[in-house]
> 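Have a look at this one before I ask anything.
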There are 2 protein chains.
Amino acid sequence: MRVADLIRKKRDGGPLGRDEIAALIGGVSDGSVPDYQTSALLMAIVLRGMTADETAWLTEAMIASGTRLDLSDLSQPAADKHSTGGVGDKTSLVLAPLVAACGVLVPMMSGRGLGHTGGTLDKLDAIPGFRTDLTIPELRSALARVGCAIVSQSDELVPADRRLYALRDVTATVESVPLIAASIMSKKIAEGVGALVLDVKCGAGAFMKTTAEARMLAATLVAIGERHGVRTEAVITAMDAPLGRAIGNALEVAEAVDVLKGEGPADVEALTVALATRMLVLAGSATGEADASARVREALASGAGLERFQAMVETQGGDPRIVDEPGRLPSAPVREAVPAPRAGFVARLDAEGLGLAAMALGAGRDRVDGRVDPGVGLRVLAGVGSRVEAGTPVVEIHGRDSRQIDTVRPLVERAIDVRAVPPDPQPLILDRVTVPAVFQP
Amino acid sequence: MRVADLIRKKRDGGPLGRDEIAALIGGVSDGSVPDYQTSALLMAIVLRGMTADETAWLTEAMIASGTRLDLSDLSQPAADKHSTGGVGDKTSLVLAPLVAACGVLVPMMSGRGLGHTGGTLDKLDAIPGFRTDLTIPELRSALARVGCAIVSQSDELVPADRRLYALRDVTATVESVPLIAASIMSKKIAEGVGALVLDVKCGAGAFMKTTAEARMLAATLVAIGERHGVRTEAVITAMDAPLGRAIGNALEVAEAVDVLKGEGPADVEALTVALATRMLVLAGSATGEADASARVREALASGAGLERFQAMVETQGGDPRIVDEPGRLPSAPVREAVPAPRAGFVARLDAEGLGLAAMALGAGRDRVDGRVDPGVGLRVLAGVGSRVEAGTPVVEIHGRDSRQIDTVRPLVERAIDVRAVPPDPQPLILDRVTVPAVFQP
């Protein structure tokens with residue numbers, strides 16, 4: 001079997017077989033398939049798609065490139081959540097300790113941000129001393145002690161994904177449902193969890209712009225999870241406006257702590273509770289939706305979730321005092337408000353526009369190897385639906401200096417839309433995808 | 001301008017601009033665009049195509065990667081021919097000296113064979129001592145002395161093509177009209193000729209299976225040539241059966257000599273005369289078709305063409321005695337005939353099947369770095385249309401040993417079709433393409 005023949009097969013639209021995919025990914029992992037062949041294959045996949053079977057086999061082959069964790073010795077169900085990436089989405093920081101407080105392990109392996117969306121690891125890096133690069137034994141010990149940990153992808157899990165992702169980023173082969181699905185699911189399945197909730201973002205600020213696209217990706221992800229014995233479910237959530245009020249790493253950590261204290265924005269709390277509830281149900285740790293929801297709310301109200309968060313920070317080497325003293329988090333020296341241009345109602349806060357503005361400040365990166373400034377970001381002072389006068393501050397920019405703020409201000413101004421009539425209220429959770437479905441890429 | 005953005009543009013079907021293509025090919029040439037990006041771009045081009053403009057700009061950028069010869073100091077018109085590859089096609093060996101004998105320079109840069117089709121350089125390598133790796137000064141001197149030379153592609157001309165072709169071969173990105181067209185035309189235009197005749201093969205043994213495909217490729221090639229100031233024309237010729245009776249390197253050299261002596265197969269002579277005639281017309285060296293044709297036939301009948309061939313062999317270091325003593329060419333020790341399975345007429349001799357059989361004997365190569373045996377090959381003893389009895393020898397296999405012949409025999413048997421009724425005669429020249437045409441890949 002020559003690699004060029006397999007590339008040709010995919011190029012001509014033919015489905016690849018299980019053994020063929022296994023051989024290709026094996027070659028990618030051990031280096032016997034050179035990058036130039038891999039990137040031609042990736043482009044053929046982007047343009048020709050993959051069937052549900054092929055996507056599942058790709059996921060399987062990627063998992064087989066490394067080890068799959070076995071957490072059964074910890075004698076507790078384990079669950080995880082994955083989001084396809086949004087602006088201001090700090091739910092992971094709230095969710096992991098909250099679910100752990102309800103008796104379900106959360107061995108969350110997460111990523112860094114790219115483009116206008118932030119990454120969970122970048123947010124945690126804003127906590128002084130916090131380490132995300134735990135070894136597998138350190139992760140196990142953190143799970144045994146705290147019940148949750150949020151760490152970077154282990155080198156031992158799915159090494160093929162790192163090779164593929166590095167190539168995809170520089171060869172314009174990122175945007176492909178089967179490649180995205182296999183990348184996400186191989187990593188989550190290799191974590192050894194029995195239950196997985198997927199938050200598929202949809203809207204102007206998300207990779208998936210329409211609910212139809214989001215449903216297709218969600219169905220693909222759910223089907224793969226179920227084929228690998230992981231109870232998987234997806235919620236499709238709106239990502240037109242940022243989630244919560246904070247965008248930027250330290251600002252989002254502070255907001256996550258607020259949510260755990262019961263003092264956070266309603267949308268972040270509602271989404272986190274909804275995701276946590278489904279994690280408990282899928283993990284088999286609650287008798288049903290009502291039971292799960294009640295337990296999650298109790299863990300929030302009692303402060304048990306906050307306690308776990310603090311324990312997680314401490315266990316991972318971070319300064320636990322940030323919980324009570326948020327001033328210990330990094331911050332930016334210059335703050336300037338962008339006012340409403342006229343009286344009316346905030347009709348729109350464009351998530352992508354604000355995400356790009358935050359990235360420009362240094363809160364995110366536009367290249368995989370870019371550096372991030374933990375202190376900068378944006379705070380929404382008047383959310384969508386708020387009544388404002390001309391001059392009412394809508395968004396506050398936290399920057400390094402006035403020049404930087406002047407540069408970013410037009411981006412923020414363009415992202416704000418104030419109208420005479422209040423906008424129709426939009427639901428946050430748009431749909432739920434539970435059944436494996438056949439998809440056509 | 002990031003390379004990944006340009007790849008994305010082509011991936012999404014958008015046309016690339018002149019400057020963008022120039023930047024990409026410049027980067028391929030100087031190594032600043034890594035192979036993995038180039039191969040992703042190539043796959044996107046294969047699947048998304050290129051417009052006529054893009055293809056012309058690609059050709060232009062490839063020419064600009066090296067030098068373009070200037071032959072004006074030789075004070076004679078210069079012309080060349082390119083064939084898209086057939087089985088048993090030794091016309092170049094006859095054509096170059098014949099056209100030179102008519103007063104038109106032929107600085108022919110040619111290639112090696114791959115797959116079931118042979119390469120002109122492999123054929124010439126069968127002549128003891130023949131050198132195809134002339135330097136540019138050596139090529140000029142050979143042209144000044146003999147009027148023609150057949151040499152390998154110079155490193156100074158179109159270096160980008162070598163980089164691209166090496167990648168295309170291993171990434172299943174060979175089969176693309178714009179990539180094929182730019183590769184062919186950049187090399188021919190860089191030779192510095194003012195006229196070019198293209199022999200676009202069409203049929204079971206050719207890359208283009210239908211006349212519609214062949215016409216599209218021909219129109220693309222002609223349009224590019226004309227845009228670059230080269231008088232260009234294409235003939236579309238049948239490649240269902242092998243051309244002539246010999247397949248294999250030394251066997252084909254001997255047949256080419258036979259043609260120059262006026263003793264060769266009618267189809268090779270007819271095609272060569274037709275191509276030579278058009279070269280004279282396009283080069284402006286004849287008053288018209290009739291004049292050109294008469295001069296070509298005269299050069300053949302007078303032996304002037306044969307004389308030039310012998311001079312070319314000598315000038316390029318080869319043994320000129322092979323013209324009068326073909327026994328000095330390499331040969332294979334074992335010969336065995338494949339007989340007709342029944343009485344009737346030879347209805348079909350499958351060019352691809354016989355080409356693959358010759359390749360299996362060692363006359364061709366299935367990998368770019370494969371070695372070639374100059375002596376082996378096939379001789380057609382009863383061509384298409386011949387009346388045969390059961391047992392009449394149809395094809396003679398020339399091999400290294402009986403075991404090799406036994407291995408190849410079933411391939412040859414499958415390529416022979418004998419039927420009760422004689423086949424309808426088929427024309428060799430199917431069409432001529434002279435006008436630049438807009439094409440949609």
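Below, chains carry the letters A, B, ... as their sequence lines are ordered, and counting in each starts from 1.
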> Checking A/I7 against chain B: side chain, backbone, both or neither under 4.5 Å from a heavy atom?
both
> Is it the backbone or the side chain of A/V170 that comes under 4.5 Å from a heavy atom of chain B, or both, or neither?
both
> Between CG of A/D12 and CD of B/E175, what distance do you get to the nearest 0.5 Å?
7.5 Å
> Run the side-chain donor-acceptor check on residues 202-211 of chain A: report pairs under 3.5 Å with partners two or more places apart or on a different chain.
residue	atom	partner	partner atom	Å
A/K209	NZ	A/A204	O	3.1
A/K209	NZ	A/A206	O	2.8
A/T210	OG1	A/E213	N	3.1
A/T210	OG1	A/E213	OE1	3.3

> I'd like to verify something: which residue of A/K10, A/K9, A/R8 has the highest number of heavy-atom pairs under 4.5 Å with chain B?
A/R8
> Provide the closest heavy-atom pair for B/T171 versus A/Y36 in the form atom of the first, atom of the second, distance.
CG2-O, 3.5 Å
> If you take all heavy atoms of B/D169 and A/A4, which pair is closest and at what distance?
O-CB, 4.2 Å
> Kindly give the heavy-atom pair with the smallest separation between A/R11 and B/V46, and that separation in Å.
CD-CG1, 3.7 Å
